[in-house]
Number of protein chains: 2
Amino acid sequence: MRRRAGRPSQALLGQGQITRAALKLVARDGYKALTMSGLAKSLNVAPSALYNHVASKQDVLLLVEDALMGRVDVSAFARMPWAEAVRLWAHSYRDVFSAHLPLIPVIALLPVTNAPQTIKMYEAVTDGFLRAGWPQERIVDAIVALESFIFGSAYDANAPADIFATGELAEEAPHFSAAVSLRRNPAGHNDADAAFALGLDALVAGLAATLAG
Amino acid sequence: MRRRAGRPSQALLGQGQITRAALKLVARDGYKALTMSGLAKSLNVAPSALYNHVASKQDVLLLVEDALMGRVDVSAFARMPWAEAVRLWAHSYRDVFSAHLPLIPVIALLPVTNAPQTIKMYEAVTDGFLRAGWPQERIVDAIVALESFIFGSAYDANAPADIFATGELAEEAPHFSAAVSLRRNPAGHNDADAAFALGLDALVAGLAATLAG
DNA sequence: TCACTAAATGAATAACGTTCATTTCCATTA
DNA sequence: TAATGGAAATGAACGTTATTCATTTAGTGA
């Protein structure tokens, strides 16, 4: 299904073009606007034409997902101690997908086969774990644990500020309501960032202790 | 919008009935089958009749979500030390929503107002944290961090076994591929459970250290 | 020039959530 | 008893959605 090399004219569509158009569409109008019709229109093409290059809309989401994985910064693993590198990677990972929540089920549930950027990222992270002395057989579990936290935190980063407002039922949950109203964080940090930092520090410290023990 | 008390016959629909029917439908045929038409049919009613008791399908999901929150076991907080209670609660929480992935965006993004079971759960958890000596102003962040990990782990629990199969690109990620193939866990535990246990232990230990420090 | 093929088209379909005018049926009031 | 009011059910309709299919277009190689 790859496109031939020597085909100068009439080369309208391709997976690359579709991916770029989808990214642009999502950046401008969000995922609600990422429809096959809208995508086709942005490429000046009929919706059905997309199906010559892509098997389904899921396929489009996979292409977009892999492209975004290339934006996750793994460079810290090559130049920093493990704990600090994990923190920087996790922050970058969360920030990228906070703006792409609908992709999280795709990442979390679909095989990485044929997702080169995704595999590349995992390789860089694995390298960092190996250099830190992690035993091969625990590395994937550790990465999965960190990823689970990151995905959940990406959701949390998009939660409205009043998500824990108890409303009329406040009297039935006095301790929780009090804890919610006392939740105040350092200037410049919103609630989601504080919870993310707290959990990430705990997770990294706990994993380091596991490795040492 | 509450139903009157003395209305014996003709009492066809109500939020309670809708919630129960939706839970039954999902348990039998999954979330793909939870459509307004299917839900109405299971209640022997026209689809439009549902809108007399519910504003939207989102509303139905909210009702289901709150009902499920009642199934999360928080009893350990009343009878066990903090670390062990958190572990049991987290396991129960993950297990409940592993079978209800489509609800995770709903839980993570929508206010808890008018979700009594949800608020009840948070109150029980908050109580447990208070008894363990946590300062009020950190409790919500700690719960949010744990929840983020739990939601992500619920996704992971539904991932196919071959999710990390690198396929044709294995040569470009040798270290990762090796780590994936060495990922083997004790009998009776699948991969997702091992990663969940590893991360949960690390998170709990790390949070305990934060509290102590 | 002629076939072959990749790729675009436009019409069509089924399923979805949702709206709305209308009707039904019960409980209350006159 | 008869009339009234209102909650709730109906069935038809609408606008989107992803996806399919037969058909046409146009460029390439023989």
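Reminder, nothing fancy here: chain letters follow the sequence lines and each chain counts from 1.
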Between N or O atoms, less than 3.5 Å apart, protein on one side and nucleotides 9-13 of chain C on the other: list the pairs.
unit_1	atom_1	unit_2	atom_2	d
C:dT9	OP2	A:Ala46	N	2.5
C:dG10	N7	A:Ser48	OG	3.3
C:dG10	O6	A:Ser48	OG	2.6

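- Between B:Leu88 and B:Asp73 the shortest side-chain heavy-atom distance does not fall below 4.5 Å.
- For A:Tyr51, counting side-chain heavy atoms from C-beta on, the closest listed nucleotide (D:dT19, C:dG17, D:dA9) is D:dT19.
- Contacts with DNA chain C (heavy atom under 4.0 Å) in residues 55-62 of chain B: B:Ser56, B:Lys57, listed by number.
- Take B:Arg79 and apply the side-chain hydrogen bond (donor to acceptor under 3.5 Å, both in side chains) test, not counting sequence neighbours, and it matches B:Ser75.
- Look at CG on B:Leu39: it is 16 Å from C1' on C:dA15, rounded to the nearest Å.
- Using a 4.5 Å heavy-atom cutoff, the side chains of B:Phe176 and A:Val125 are not in contact.
- Ion pairing between a basic and an acidic side chain is recognised when a charged N comes within 4.0 Å of a carboxylate O; A:Asp193 and A:Arg94 show such pairing.
- Of the candidates A:Leu103, A:Leu25, A:Asp59, A:Leu103 is the only one forming a side chain to side chain contact (heavy atoms under 4.5 Å, CB included) with A:Val64.
- Contact check, B:His53 against D:dA9: a side-chain N or O comes under 4.0 Å of OP1 or OP2.
- For the pair B:Met36 CE and C:dT18 C1', the interatomic distance rounds to 8 Å; values are reported in whole Å.
- Between the side chains of B:Gln117 and B:Tyr122, no donor N or O sits under 3.5 Å from an acceptor N or O.
- Rounded to whole Å, atom C1' of D:dA9 lies 12 Å from atom CD1 of B:Ile18.
- For B:Thr118, the side-chain hydrogen bond (donor to acceptor under 3.5 Å, both in side chains) test picks out B:Glu65, B:Asp66, with sequence neighbours left out.
- Here the side chains of B:Tyr155 and A:Pro105 are in contact, with some heavy-atom distance below 4.5 Å.
- Near DNA chain D, meaning a heavy atom under 4.0 Å away, the residues from residues 26-35 of chain A are A:Leu34, A:Thr35.
- The salt bridge (Lys or Arg N to Asp or Glu O under 4.0 Å) check on B:Asp201 picks up B:Arg87, with sequence neighbours excluded.
- Under the 4.5 Å side-chain criterion, counting only non-hydrogen atoms from C-beta, B:Arg183 is in contact with A:Val144.
- Taking the centre of each ring, B:His100 and B:Tyr31 come in below the 6.0 Å mark.
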